[in-house]
K.L.:
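Sharing a structure here in structure tokens format.
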Amino acid sequence: MGKREARTGRGGARWTTASDRPEWLQAIRSGASKWKTCCRMVLAPTAQGALLMSGVLAPAMAQERVAVVLDAIQVSADGVTGKRGLSTGSEALPAAVTVIGQDEIARTNVKDFTDLLRRVPGVNAFTYGQGDIGSPIRMRGFSGNAHGGDVAIYVDGVPQNFPSASQGGSGMSDLSWLTPDMIERIEVIKGPFSALYGDQARSGAINITTRTGGASSLSATLGRFGYGKLNGVLVKEGTHGTLFAAGEVLTSEGFRDNSDMTRGNLFAKYTVPLSDGLLSLRGHYYKVSFDSPGYLTLADLRAGIVDPRDANPYAVPLFGDAERYGAVLNYAPRGEAGWNATAYVEHYEKNRTNGGTAPSTNFQSDDRNLFGGRLLHTSRFGDLALLSAGAEMRYDRGDAWNQRYTNGQASGLYTNAYRLELLTYAAFVQGQLKIAEPLKLVAGLRHDRFDYDIDNLKRPAASTTYEASVTTPRIGLVYTPVDALELYANYGEGFRSAGAPEISPQGPGVIPLGSAGGVASGDLRPPKVESYDVGFNARLGPAWRVGASLYTTKNSSEIRETFSGSGVFEPIGDTEREGYEVDVDFVPDPAWRLYGSYGYVRARIKNPPVAGRDLIAGLPDRVASLGVEYATPFADGMVRANANYQYLSAPPFYLAGNTPEYAPAWLRYDLRLSYQRGPSTWTLYAILQPKRFASEMTGTSVDPRPRVDGGATYTYTF
């Protein structure tokens, strides 16, 4: 019997047997079990050898040093980070920007995409621990509670946020199909400043570019809690173009009961030169099957009623699956000036059981087909100005519903059920002008329009067509008095689109399709934010780089549920977020790098649904990170070590009354040691989360994480 079937929840709930699973799920689990056995046979000698290696290396690492190992802080004629010059790159914006390249990705402990953002100053990104259901990205006081909303996310020019979904609400994004091997570069733009990104860019935007080349490789990872992963990259350069392909197979039993997962990803991209640019065609396929442990209440954990490893004792065993595939055609000029074009088509389907009290549960489903495109032209006027103008369109059609199941059978009762046709399109322009040698003006304007046809199957009277538009301007300045100092200030507006549950409310109750009642809210406008930033980047001597930003964000007509579970949404008034972020980089010599960051935000709801409850539940007001990296030659190879510490302050939540409760503060330590010799690299990693009952998803319910996690990876590059 497997882990799930052999255990009885310490909270008292007994799980179903393997024979109770659907046939398709039994088949997947059978294949996963065989793959995990094979993975362990392959990786066990690697893990043992890596452990022995770490004991040998410790006393010897100090014997040799290297001339140039880690990237030193560079300052060019474009300033510390490139804001001084004219460029389409996000670094040229008068805003706080972090760029993550392949080198940093390779030095990071990555189990999912959110791990890549852990070093970004002021950002808290994490998974819910319930399978592949989308991940929140908290930035600048926005909680990301829509499973990835509040941040506009693009991959190769393709928007990743869903305007409406049965899971996660407006703005949900799911990047589970994206693996680190596929990524060339990640740009994190703080605040709604760039006009190139629209819906959901309230706290900022993330722009991801996938790889077109590099080295081929094979890697295998074995970790705690039944974690195993195989990755492969193939790069083939031919006479006419370059093929890049990447694949991943992952399986995990999970820290908590009922947390099994089996996932596969395939990605292929072919790039050819065309005229003065590069044309690429890529395709991806993703499939996953997972079990979900559900959430535990902080009160039950503190009282000892449940153990952190238990699944939710009050719910039936939860599970889910997803499939996603699509194709993307891209064209980009070799330089910055010229045409950029993107066209894409994609299918996305996800099913998940969620919530409820045994023997009942809710079955959520999204089944969507999408296509769209983006066109951008950039003109350069010598060293005086740069102008980019473009347009984009997206069509999203499909079903989103949430049905009640009892004793494994469909009840005919629904929490929500929609048939959706969502058309969004936009035009935007952004320009840069050198007013004088040290002073640059950046301005942008964006206009977005939404044409929706929403068929409310639960309450047909609330079905409606919806038309709305929003215009958002930006303007900012960069002042670079000397090459080692950049000063910037900006004003920008952002927005998020209204979701189907807000426009066409389902109303309270779990009832049959076609029920009476319901009123559409077709006059809801997309809630906008206004953001003000000032900041600087500076080099202090040859070894130090310091950056800081101060911001205020005002959200007008924020849309919220009238009260929890009502199913009715309305504008509640204005909210405000004020904060600052500081980050420091120190490279005392080429072998060492030390870095740290600290972010603080004061977020308040001015007109809370419940008077007196003005804090945003689950949102920490402080996030900090501190790390060190070291590299040195050893035994004809190279040793690299790094350690990273992350801290989140205790987040508030409300039970009774207006006095907030606070969940435990959260700490995480990431440790990594690798040895590269020739084409082979051996890596040991550890993840320590010492706080009992603490998790990044906190409030009245939590998802506990293991205090100690870790594993080993072997990579062969060719």
Side-chain angles (χ1 to χ4, degrees), residues 76-79 81-95 97 99 101 152-159 184-189 191-199 201 204-210 212 271-282 328-344 372-394 425-435 439-448 471-478 480 488 490 492 494:
S76 69
D78 285 337
T81 64
K83 295 189 184 303
R84 186 178 199 170
L86 300 175
S87 172
T88 57
S90 61
E91 304 97 314
L93 294 172
V97 176
V99 177
I153 303 174
Y154 283 67
V155 178
D156 292 335
V158 179
E184 175 75 27
R185 172 183 169 97
I186 303 172
E187 302 171 4
V188 182
I189 306 167
F193 188 76
S194 178
L196 275 59
Y197 311 104
D199 194 8
I206 296 175
N207 183 43
I208 302 168
T209 304
T210 59
T212 57
T271 304
V272 298
L274 179 65
S275 185
D276 294 327
L278 295 173
L279 179 70
S280 66
L281 175 65
R282 69 165 173 86
V328 179
L329 184 68
N330 279 108
Y331 178 79
R334 294 183 183 274
E336 294 189 323
W339 288 98
N340 285 264
T342 301
Y344 60 90
R374 179 180 174 95
L375 193 63
L376 174 70
H377 185 267
T378 299
S379 301
R380 187 180 183 102
F381 304 92
D383 294 328
L384 177 64
L386 191 74
L387 181 66
S388 299
E392 62 183 358
M393 181 276 291
R394 183 185 191 188
Y425 43 96
F428 49 87
V429 61
Q430 186 161 281
Q432 303 174 34
L433 175 66
K434 277 291 193 72
I435 299 175
L439 188 63
K440 183 177 74 173
L441 172 69
V442 182
L445 185 68
R446 184 181 179 97
H447 181 79
D448 290 77
T471 301
T472 49
R474 291 99 168 145
I475 189 167
L477 289 170
V478 175
T480 312
Y488 61 87
N490 71 59

K.L.:
Looking only at heavy atoms, which two atoms of Asp383 and Lys434 are closest? And how far apart?
P.N.:
O-CG, 3.6 Å
K.L.:
Would you sort out whether Leu386 and Thr378 count as a side-chain contact (heavy atoms from CB on, under 4.5 Å), showing the intermediate values?
P.N.:
CA-CA 7 Å; Leu386 191 74; Thr378 299; 3.8 Å; yes
K.L.:
Assess whether side-chain contact (heavy atoms from CB on, under 4.5 Å) is satisfied between Ile206 and Tyr154, documenting all intermediate values.
P.N.:
CA-CA 6 Å; Ile206 296 175; Tyr154 283 67; over 6 Å; no
K.L.:
Before you tell me yes or no, could you show the steps for Val155 and Asn207 under side-chain contact (heavy atoms from CB on, under 4.5 Å), namely the whole-Å CA-CA distance, both residues' side-chain angles and the distance that decides it to 0.1 Å?
P.N.:
CA-CA 6 Å; Val155 178; Asn207 183 43; over 6 Å; no
K.L.:
If I take atom OG1 from residue Thr480 and atom CG from residue Leu439, how far apart are they, to the nearest 0.5 angstrom?
P.N.:
8.5 Å
K.L.:
Once rounded to the nearest 0.5 Å, what's the spacing between atom CG of Leu329 and atom CG of Leu281?
P.N.:
6.0 Å
K.L.:
Please find the pair of heavy atoms, one from Leu93 and one from Lys83, that lie closest to each other, and give the distance.
P.N.:
O-NZ, 2.6 Å
K.L.:
Roughly how far apart are Tyr331 OH and Trp339 CH2, rounded to 0.5 Å?
P.N.:
11.5 Å
K.L.:
Could I get the full list of salt bridge (charged side-chain N to carboxylate O under 4.0 Å, His left out) partners for Arg446, not counting sequence neighbours?
P.N.:
Glu392, Asp448
K.L.:
Tell me the closest heavy-atom pair linking Asp156 and Thr209, and the distance in Å.
P.N.:
OD1-CA, 3.5 Å
K.L.:
Using a 4.5 Å cut-off on heavy atoms from C-beta on, say whether the side chain of Phe428 contacts that of Leu445.
P.N.:
no
K.L.:
Within the structure provided, determine whether Thr471 and His447 are in side-chain contact (heavy-atom separation under 4.5 Å).
P.N.:
yes
K.L.:
Can you name the nearest heavy-atom pair linking Val478 to Pro94, along with the distance?
P.N.:
CG2-CB, 3.6 Å
K.L.:
Decide yes or no for Tyr344 and Pro159: does some side-chain heavy atom of the first lie under 4.5 Å from some side-chain heavy atom of the second?
P.N.:
yes
K.L.:
Check whether any side-chain heavy atom of Asp276 lies under 4.5 Å from a side-chain heavy atom of Arg334, and answer yes or no.
P.N.:
no
K.L.:
Between Lys440 and Arg84, is any pair of side-chain heavy atoms under 4.5 Å apart?
P.N.:
no
K.L.:
What's the separation between atom CG in Asn330 and atom CG in Leu278, rounded to the nearest 0.5 Å?
P.N.:
10.5 Å
K.L.:
Measuring from atom CD1 of Ile475 to atom CZ of Phe193, what distance do you get when rounded to the nearest 0.5 angstrom?
P.N.:
8.0 Å
K.L.:
Are Thr271 and Thr212 close enough that a side-chain donor and a side-chain acceptor fall under 3.5 Å?
P.N.:
no
K.L.:
Contact between Leu387 and Phe381 at the side-chain level, heavy atoms closer than 4.5 Å - yes or no?
P.N.:
yes
K.L.:
So do Asn340 and Leu375 actually touch side chain to side chain, heavy atoms under 4.5 Å?
P.N.:
no
K.L.:
Can you tell if the side chain of His377 reaches within under 4.5 Å of the side chain of Ser388, non-hydrogen atoms only?
P.N.:
no
K.L.:
With distance as the sole test, does Gln430 use its side chain to make a donor-acceptor pair with the main-chain N or O of Ala195 at under 3.5 Å?
P.N.:
yes
K.L.:
For a quick test of reading the model, state the closest non-hydrogen atom pair linking Gly198 to Ala152 and the distance between them.
P.N.:
O-CB, 4.4 Å
K.L.:
Can you tell me how far CZ of Arg374 sits from CZ of Arg394, rounded to the nearest 0.5 angstrom?
P.N.:
12.5 Å
K.L.:
What pair of heavy atoms forms the shortest contact from Gly85 to Ala92, and how long is it?
P.N.:
O-CB, 4.0 Å
K.L.:
Check whether Ser194 reaches the backbone of Leu196 with its side chain - one donor and one acceptor, N or O, closer than 3.5 Å.
P.N.:
yes
K.L.:
Do Ser280 and Arg282 meet the criterion of a side-chain donor-acceptor pair at a distance under 3.5 Å?
P.N.:
no
K.L.:
Taking atom types as modelled, is there a side-chain donor on Glu336 or Ser87 under 3.5 Å from an acceptor on the other?
P.N.:
yes
